[in-house]
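Right, one structure below, let's go through it.
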Amino acid sequence: MSERRRTIPAIREAKRSAGAIPLTMVTAYDEPTARLADLGGVDMLLVGDSMGNVVLGYEDTLQVTIEIMADHVGAVARAKPEALVIGDLPWMSYHVSIEEAVRSAAALIRAGAGAVKLEGGARRAAVVSAIVDAEIPVMGHLGLTPQSVHAMGGYKVQGRRSADADLLLEASELLEAAGCFALVVEGVPDAVGAAMTRARSIPTIGIGAGPGTDGQVLVLHDLAGLSKGRSPKFVRRYAEAGELITGAVAAYVADVRNGDFPGPAETYGASEELAAHLDN
Ligand code: KIV
């Protein structure tokens with residue numbers, strides 16, 4: 001396996017046009033998923049606000065607060081992964097003022113992240129530059145940005161029309177100039193992902209952005225088969241871990257009901273003396 005790219009300078013340089021192999025990132029929200037994903041050799045672990053939908057059972061990401069994010073960043077960091085841990089700034093933690101945005105980013109760094117990610121284009125450039133000025137590396141996120149679900153009128157592919165694609169490319173230029181070390185590009189036609197990748201000197205990390213980006217990111221629960229419902233088009237399910245867990249629980253339930261569990265191997269035996277004492 002190739003060496004991990006886990007420092008900001010190493011990730012910033014990882015352009016495929018310069019011969020780099022594609023970057024890899026998956027989400028992790030807790031210690032076990034961080035540990036397991038890290039063993040899989042991923043370059044970056046994203047503590048995404050997708051935890052709102054994926055593990056907290058909300059309809060969207062908008063209920064996730066900076067306190068919730070910091071708790072989960074801490075859990076992921078305690079796995080001591082080799083991968084770079086990136087904390088997602090949740091909605092309303094960087095929209096009200098630049099000062100609050102810098103404090104929110106600092107809260108995730110203090111919780112154990114090595115960088116933060118935030119959503120949005122031109123309107124976020126000043127916030128990105130203030131966070132970078134505080135020595136905190138920032139990953140941008142363009143295209144289908146789930147925190148804008150209401151403004152977008154749903155989770156819809158972005159940049160399908162030439163004018164919209166041009167706006168995304170302009171936004172990517174502003175975010176690079178503001179100091180982002182990488183950009184997530186989500187839910188755009190493949191040509192937009194590829195054009196952004198050609199235009200930028202920082203790496204692009206695609207999710208539903210086609211094969212032309214510098215790296216890929218997926219939600220761990222989607223690729224491992226732990227998510228409910230139909231997967232989005234851009235997901236490839238590499239395992240059916242949900243079926244494994246349900247099968248394991250069903251086997252346990254059956255064993256308890258038929259008296260097979262616990263057996264001698266799962267039981268603390270008493271000495272003969274203690275057993276005789278208790279039998280009387
Ligand atoms: O919150 C998240 O998990 C994300 C990824 C899907 C990129 O932003």
Side-chain angles (χ1 to χ4, degrees), residues 11 22-30 33-34 37 42-66 68-73 75-76 83-95 104-105 108 111 113 115-121 124 128 137-149 152 155-159 168 171-172 175 180-188 192-193 196-197 202-210 213-224 226-227 229 231-237:
I11 290 165
L23 288 163
T24 55
M25 179 160 87
V26 297
T27 58
Y29 312 117
D30 54 24
T33 54
V42 77
D43 294 309
M44 291 168 278
L45 290 173
L46 172 64
V47 190
D49 66 350
S50 54
M51 80 173 74
N53 322 66
V54 178
V55 295
L56 301 180
Y58 292 117
E59 289 293 312
D60 53 41
T61 60
L62 305 180
Q63 307 302 323
V64 179
T65 63
I66 191 71
I68 295 175
M69 286 304 310
D71 276 352
H72 287 262
V73 166
V76 167
L84 175 70
V85 175
I86 300 173
D88 218 357
L89 285 169
W91 180 62
M92 273 297 125
S93 70
Y94 59 98
H95 302 72
S104 299
L108 299 190
V116 300
K117 175 172 85 57
L118 58 79
E119 296 183 6
R124 303 289 164 239
V128 168
V138 180
M139 176 179 275
H141 184 162
L142 287 169
L144 193 172
T145 45
Q147 292 173 16
S148 320
V149 57
M152 292 182 305
Y155 299 105
K156 295 185 176 151
V157 173
Q158 302 292 300
L168 285 174
S172 73
L175 291 180
C180 284
F181 70 94
L183 295 174
V184 166
V185 50
E186 176 167 358
V188 296
V192 176
M196 197 181 288
T197 304
I202 53 173
T204 56
I205 300 170
I207 174 163
T213 52
D214 294 303
Q216 297 290 329
V217 51
L218 279 180
V219 167
L220 178 72
H221 290 60
D222 289 344
L223 76 86
L226 284 166
S227 305
S231 298
K233 177 179 170 64
F234 56 77
V235 169
R236 185 177 293 175
R237 283 168 86 109

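Read the numbers this way: they start at 1 and go in the same order the structure lists the ligands and their atoms.
Each of Val85, Val73, Asp88 was scored for a side-chain contact (heavy atoms from CB on, under 4.5 Å) with Leu108, with one residue passing: Val73.
Regarding atom 2 (C) of ligand 1, its nearest protein heavy-atom neighbour is Ser50 OG, 3.3 Å. Here the heavy atom of the protein found nearest to atom 6 (C) of ligand 1 is Ile207 CD1, 3.7 Å. With respect to atom 5 (C) of ligand 1, the closest heavy atom belonging to the protein is Leu46 CD2, 3.6 Å.
Looking at Glu186 next to ligand 1, no N or O pair under 3.5 Å apart turns up. Polar contact check, Tyr29 against ligand 1: no nitrogen or oxygen pair lies under 3.5 Å apart.
Taking both residues in full, the closest heavy atoms of Tyr94 and Glu119 are given as OH-N, 3.0 Å, listed atom of the first, atom of the second, then distance. In plain terms, the two heavy atoms of Pro146 and Glu186 that are nearest each other are CD-OE1, 3.8 Å. The minimum heavy-atom distance between Ser231 and Arg237, with the atom names listed, is OG-NH1, 3.3 Å. Of all heavy-atom pairs between Leu89 and Gln147, the closest is O-NE2, 3.1 Å.
In this structure, Ile11 and Leu23 have side chains that are in contact, with non-hydrogen atoms separated by less than 4.5 Å.
At least one donor-acceptor pair closer than 3.5 Å links the side chain of Thr27 to the backbone N or O of Leu220.
Of the heavy atoms in Thr27, only side-chain atoms (C-beta onward) come closer than 4.0 Å to ligand 1. By the criterion of a heavy-atom distance under 4.0 Å, neither the backbone nor the side chain of Glu119 is placed next to ligand 1.
Distances from ligand 1 to the non-hydrogen atoms of Lys117 include at least one value under 4.0 Å.
Against a heavy-atom cut-off of under 4.0 Å, Asp49 is close to the following atoms of ligand 1: 1 (O). Which parts of ligand 1 touch Gly48 is read off a 4.0 Å heavy-atom cut-off, strictly below it: atoms 1 (O), 2 (C), 3 (O). Taking a cut-off of under 4.0 Å to the non-hydrogen atoms of Asp88, the atoms of ligand 1 that pass are 1 (O), 2 (C), 8 (O).
Side-chain N/O atoms of Thr197 and Asp214 include no donor and acceptor closer than 3.5 Å.
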